[in-house]
Peer 1: 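Below is the structure I would like to discuss, written out as structure tokens.
Quick caveat: nothing in here was measured; it's all calculated off a predicted structure. Each ligand, and each atom within it, is numbered from 1 in the order the structure gives.
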Amino acid sequence: NYRCRSAFKLLEMDDKHHILRPGLSVIDCGAAPGAWSQVAVQRVNALGVDPNAPVGFVLGVDLLQISPLEGAVFLSKMDVTDPVTLKKIQELLPTEKADVILSDMAPNATGIRELDHQKLISLCLSLLDLSQSILRPRGTILCKFWDGREAHILKNRLMELFQDVRTIKPQASRKESAEIYFLAKLYSDGVD
Ligand code: SAM
């Protein structure tokens, strides 16, 4: 039983694009109510349910309260763009860096499509700043955005930082919704 239907979007994207696997460390940004974290806990084997596979780690962050979930660590009522949150994440990560950053974050929608689009693109761009400190080389980011005129800014930035950037729209995402995801793999950290 998933906490939210959004679980099916992540399941679908992961089945097709192989984002999660046992042993990986995942940061789930905008995790409330926790459905993506539920999927991540299963797929990275965070509870060690499969004794023959490596055990992964899931850390969820949200501005809202997130109810506890076995196998995940949550930072509730925290803003991912706040440096204090970055410190907390670094303290809690068992490995030095995360393998995967998931973001299903969405700002409170104003209903003004262009404005909402811009707000979400800015949020994704600040997530990229955060990833410079916590994403391991060759790591992955999956982030939601609402389509619009500034999407190319985010895409260009991702293409500077990652070797493989794809635009994906899961079937499970309502057809009329403008939400789309960028999947960026092979983070290169700007050093090579
Ligand atoms: N993936 C979640 C799930 O499956 O349960 C649903 C996420 S919901 C669509 C978007 C979430 O992003 C909201 O709970 C919202 O509070 C959170 N959010 C928006 N801006 C945020 C920020 N700056 N920091 C942390 N969370 C944020």
Peer 1: Could you give the side-chain donor-acceptor pairs of residues 18-30 under 3.5 Å, partners two or more places apart or in another chain?
Peer 2:
from	atom 1	to	atom 2	distance (Å)
Ser25	OG	Thr95	OG1	3.1
Asp28	OD2	Ser37	N	3.2
Asp28	OD2	Ser37	OG	2.7

Peer 1: Tabulating one pair per line, provide the atom names and distances (0.1 Å) for every N/O atom of ligand 1 that is less than 3.5 Å from a protein N/O atom.
Peer 2:
from	atom 1	to	atom 2	distance (Å)
ligand 1	1 (N)	Asp104	OD2	2.8
ligand 1	4 (O)	Ser6	OG	2.6
ligand 1	4 (O)	Trp36	N	3.0
ligand 1	5 (O)	Ala31	O	3.4
ligand 1	5 (O)	Pro33	N	3.3
ligand 1	5 (O)	Gly34	N	3.0
ligand 1	5 (O)	Ala35	N	2.9
ligand 1	12 (O)	Ala106	N	3.4
ligand 1	14 (O)	Asp62	OD1	3.2
ligand 1	14 (O)	Asp62	OD2	2.8
ligand 1	16 (O)	Asp62	OD1	2.6
ligand 1	23 (N)	Asp79	OD1	2.9
ligand 1	24 (N)	Val80	N	3.1
ligand 1	26 (N)	Leu63	N	3.4

Peer 1: Within a reach of under 6.0 Å around NZ of Lys88, are more than 12 heavy atoms found that belong to other residues, nucleotides or ligands?
Peer 2: no

Peer 1: Side-chain contact, heavy-atom cut-off 4.5 Å: Leu183 with Tyr181?
Peer 2: no

Peer 1: List the atom of Ser133, the atom of Lys97, and the distance in Å for their closest heavy-atom pair.
Peer 2: O-CE, 3.4 Å

Peer 1: Would you say that Lys119 contacts Thr110 through its side chain, given a criterion of any heavy-atom pair below 4.5 Å between the two side chains?
Peer 2: yes

Peer 1: What is the ring orientation for Tyr2 with Phe8, classed by angle as parallel under 30°, tilted 30 to 60°, or perpendicular over 60°?
Peer 2: perpendicular

